[in-house]
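One structure is given here, and the rest of the page talks about it.
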2 protein chains.
Amino acid sequence: MKMNEGVEWAVHACCLLAPLGPDRGLSLAALADYHGVPAPYMAKQMQALSKAGIVRTSRGARGGYALGRGADAITLLDVVRAVDGAVPMFRCTEIRQRGPCASPRKDCAAPCPIARAFAGAEAAWRGALGAVTIADLVATVGRDGTPAHLGKIMQWFGAEARQLPSVG
Amino acid sequence: MKMNEGVEWAVHACCLLAPLGPDRGLSLAALADYHGVPAPYMAKQMQALSKAGIVRTSRGARGGYALGRGADAITLLDVVRAVDGAVPMFRCTEIRQRGPCASPRKDCAAPCPIARAFAGAEAAWRGALGAVTIADLVATVGRDGTPAHLGKIMQWFGAEARQLPSVG
DNA sequence: CATTATTCGGATATTGAATATCCATATTGA
DNA sequence: TCAATATGGATATTCAATATCCGAATAATG
Ligand code: FES
Ligand code: FES
């Protein structure tokens, strides 16, 4: 029961793109370098975010990634679903329909109570993740970070951030 | 992000042992046969339950497994922790401390806000699982099952259930 | 009490799927 | 035309699921 490691990278990438707004972005190489992770693997995560519409992409020279919508409209659950998939962690294999005392098929219209309990727990988990947005997270970072560190990030932005073609 | 498949088997096994009370039990072969699953792998789950104290075992002729405590004192969370382990699904690798704009070590005394959000979601998940006991589940099964099916189970119990040595 | 059949306990391969990583290709701005 | 860049598929690696085995412990049996 381990989550895809790329989720951490993807969320951090979104938090990095958020302050740039919808028109400016970063190249894949810049994102990978900033986080100190291999670029090809970071590409996989960004690709998943792109397919989910969380980021928009611009190909070709001076292309890159920018947020696809407002940071307050992207939740942690969105990112998890995009990168890690939407399959439930507990999967009922209908074990009750096997063996010498198998439940008859017609009695299994309703899901097994055990599966129901697990589904409820996962709903609580998703609810908690859906209540946190990227905007919430960057607000915390901006509040906790030291001025010196924030200044270093601003300087890095100046060298790496680039204007992306308008969405129109 | 997939849970160990044995969790489903372990929970069902507990629900099967519950109506037998603390003194009667079932052999490993009976448990595996009842659920139609390979015995060696079922053994692995039962061993995990045994080490966690959820079931007690009796070796030797006519030995087997029985619940280690009351069914109302065993939660789904107990079973998940025993079989699937207690490692968190989201693991923070401190990515913020890497790359050209790494956060200084001293700023990282508090966990990353992203990691905090995921930890909170997992706590909600565990809370939901900890609120459901084996007793709750068997009550639902007893209410939903048809008399014919319950009768077949009773007959099977008559052939397979066995008295285990008292815990004293 | 000695014997024996039965059962759990744990360690160890083998298989298969999921994950992490890399490379070739299409696309775009300059 | 060229260099820069995202995209998709292909490949290697890791991890979990499954099968198999043997030893230790225990209760029934005489
Ligand atoms: S049959 Fe799948 S959880 Fe009960
Ligand atoms: S550094 Fe691990 S979640 Fe932020």
Side chain of [X], backbone of [Y]: donor and acceptor closer than 3.5 Å?
| X | Y | result |
| --- | --- | --- |
| A/E160 | A/L26 | no |
| B/Q155 | B/G151 | no |
| B/R116 | B/P111 | yes |

Touch class at under 4.0 angstrom, heavy-atom based, for [X] against every strand present:
| X | answer |
| --- | --- |
| B/P40 | base |
| B/G6 | nothing |
| A/R59 | base |
| B/M1 | sugar-phosphate |

Subject >> Separation of atom CD in A/Q45 from atom P in D/dA6, rounded to whole Å >> reply: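 Value for this atom pair: 15 Å.
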Original post:
Between B/I95 (CD1) and C/dA20 (P), how many Å, whole number?
Top reply: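 It works out to 13 Å between those atoms.
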Below the 4.0 Å mark, does [N] have OP1 or OP2 next to a side-chain nitrogen or oxygen of [X]?
| X | N | result |
| --- | --- | --- |
| A/S50 | D/dT7 | yes |
| A/Y41 | C/dT21 | no |
| A/Q47 | D/dG8 | yes |
| B/T57 | C/dG9 | yes |
| B/N4 | D/dA17 | yes |
| B/R162 | D/dA27 | no |

Subject >> Residue matched to C/dA24 through Watson-Crick or wobble contacts both under 3.5 angstrom >> reply: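 WC or wobble partner is D/dT7.
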Original post:
Taking the side chain of A/A61 as its heavy atoms from C-beta onward, which of D/dA28, D/dA4, D/dA17 lies nearest to it?
Top reply: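 The listed nucleotide nearest to A/A61's side chain is D/dA4.
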Original post:
D/dG9, D/dA19, C/dG29: which one has an atom nearest the side-chain heavy atoms of B/P38?
Top reply: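 Selected nucleotide: D/dA19.
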Subject >> Residue met sooner reading DNA chain D from 5', once B/M3 and A/A43 are mapped to nucleotides >> reply: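 Result: A/A43.
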**OP:** Could you pick out which residue, A/G60 or A/K2, lies toward the 5' side of DNA chain D when each is mapped onto its nearest nucleotide?
**Re:**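 Nearest nucleotide further toward 5': that of A/G60.
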Original post:
So, B/T93 and A/E8: side-chain donor and acceptor under 3.5 Å apart, yes or no?
Top reply: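 Side chains of B/T93 and A/E8: pair found under 3.5 Å.
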Subject >> Beyond-backbone contact of B/C15 with A/I114, side-chain heavy atoms, under 4.5 angstrom >> reply: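 A side-chain contact exists here, since the closest heavy-atom pair is under 4.5 Å.
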